[in-house]
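Note sheet for the following structure.
All figures in this text were calculated on a predicted structure; none of them were measured in a lab.
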Amino acid sequence: MSQGLYIKLLVITLLIFLNLKNVFADETLIGLNATAKHYCNCLFVSKLNKEHCDTAYDRLFSVSLNDQELIEQLKLVEYTIDNEEKEIKIEFDKYKITSKFSENTGCYFNN
């Protein structure tokens, strides 16, 4: 009886720990979303040029993130600016992110 209970508790515990990875936020996705939102706001709302936005981006992430490896990865992220559609597009690894600007709603994520 106690061995069966032990095995059941062990299986339940393993299932909980295996599913915990889904509970924690994906830091890469958060960083990419922040990148898209930053450039959308900087270019389309503030109407600054790309060089000013790049400088502000470097300053923002160097003081707000503790993970130097993530900072370096985010600096390598390439984004596409579509001035006609007022969109920032980022494709990185498995992620495809689009931040779009409209006069009514500002910058928002578009799927």
Side-chain angles (χ1 to χ4, degrees):
M1 173 88 177
S2 64
Q3 186 177 12
L5 181 61
Y6 173 76
I7 291 173
K8 287 178 186 177
L9 287 174
L10 182 64
V11 169
I12 291 170
T13 304
L14 286 173
L15 288 174
I16 289 170
F17 281 116
L18 290 175
N19 287 321
L20 272 181
K21 68 178 182 177
N22 296 328
V23 173
F24 296 110
D26 184 345
E27 288 183 8
T28 304
L29 180 59
I30 292 170
L32 293 172
N33 284 339
T35 300
K37 195 76 157 188
H38 164 77
Y39 280 104
C40 182
N41 283 309
C42 190
L43 294 169
F44 302 129
V45 176
S46 300
K47 298 181 182 175
L48 297 173
N49 64 33
K50 184 182 176 314
E51 290 77 28
H52 283 100
C53 294
D54 289 341
T55 302
Y57 179 80
D58 288 341
R59 289 181 185 159
L60 174 72
F61 281 101
S62 64
V63 297
S64 62
L65 293 176
N66 293 327
D67 186 351
Q68 190 62 36
E69 185 179 329
L70 181 59
I71 292 171
E72 294 304 319
Q73 285 179 343
L74 290 174
K75 285 183 180 181
L76 297 175
V77 169
E78 294 183 17
Y79 56 92
T80 307
I81 303 167
D82 184 340
N83 286 314
E84 194 172 297
E85 293 291 322
K86 295 193 175 183
E87 291 180 336
I88 302 296
K89 294 181 181 183
I90 296 176
E91 290 189 26
F92 182 78
D93 198 22
K94 62 183 178 182
Y95 304 103
K96 292 181 181 180
I97 298 163
T98 302
S99 183
K100 185 172 178 76
F101 173 75
S102 81
E103 295 292 333
N104 296 332
T105 59
C107 290
Y108 62 94
F109 292 109
N110 191 17
N111 292 333

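A search for salt bridge (charged side-chain N to carboxylate O under 4.0 Å, His left out) contacts involving K37 returns nothing, not counting sequence neighbours. Judged as a side chain to side chain contact (heavy atoms under 4.5 Å, CB included), and not counting sequence neighbours, the contacts of N104 are S102. Partners of N33 by side chain to side chain contact (heavy atoms under 4.5 Å, CB included), not counting sequence neighbours, listed by chain and number: L29, I97, F109. Remark: Y57 engages H38, Y39, F61 in a ring pair (Phe, Tyr, Trp, His ring centres under 6.0 Å) (not counting sequence neighbours). Scanning for side chain to side chain contact (heavy atoms under 4.5 Å, CB included) contacts around K100 gives E85, E87, Y108, N110, with sequence neighbours left out. Judged as a salt bridge (charged side-chain N to carboxylate O under 4.0 Å, His left out), and not counting sequence neighbours, E91 has no contacts.
Looking at every heavy atom in both residues, L32 comes nearest to Y95 through CD1-CD1, 3.6 Å. Of all the heavy atoms in K89 and T98, the pair that sits closest is CG-OG1, 3.8 Å.
Atom SG of C40 and atom CD1 of I88 lie 6.0 Å apart (nearest 0.5 Å). Residue I30 holds its CD1 atom at 11.5 Å from OG1 of T35, rounded to the nearest 0.5 Å.
A donor-acceptor pair under 3.5 Å links the side-chain atoms of N49 to the main chain of H52, judged by distance alone.
S46 places none of its side-chain heavy atoms less than 4.5 Å from the side chain of N41.
For residues 61-98, the set of pairs meeting the disulfide (SG to SG under 2.5 Å) definition, not counting sequence neighbours, is empty. Identified under the salt bridge (Lys or Arg N to Asp or Glu O under 4.0 Å) test for residues 38-51, with sequence neighbours left out: K50-D54.
Under a hydrophobic-cluster definition in which Ile, Leu, Val, Met, Phe, Trp and Tyr are linked whenever side-chain heavy atoms come within less than 4.5 Å, directly or via other members, L43 and L48 are assigned to different clusters.
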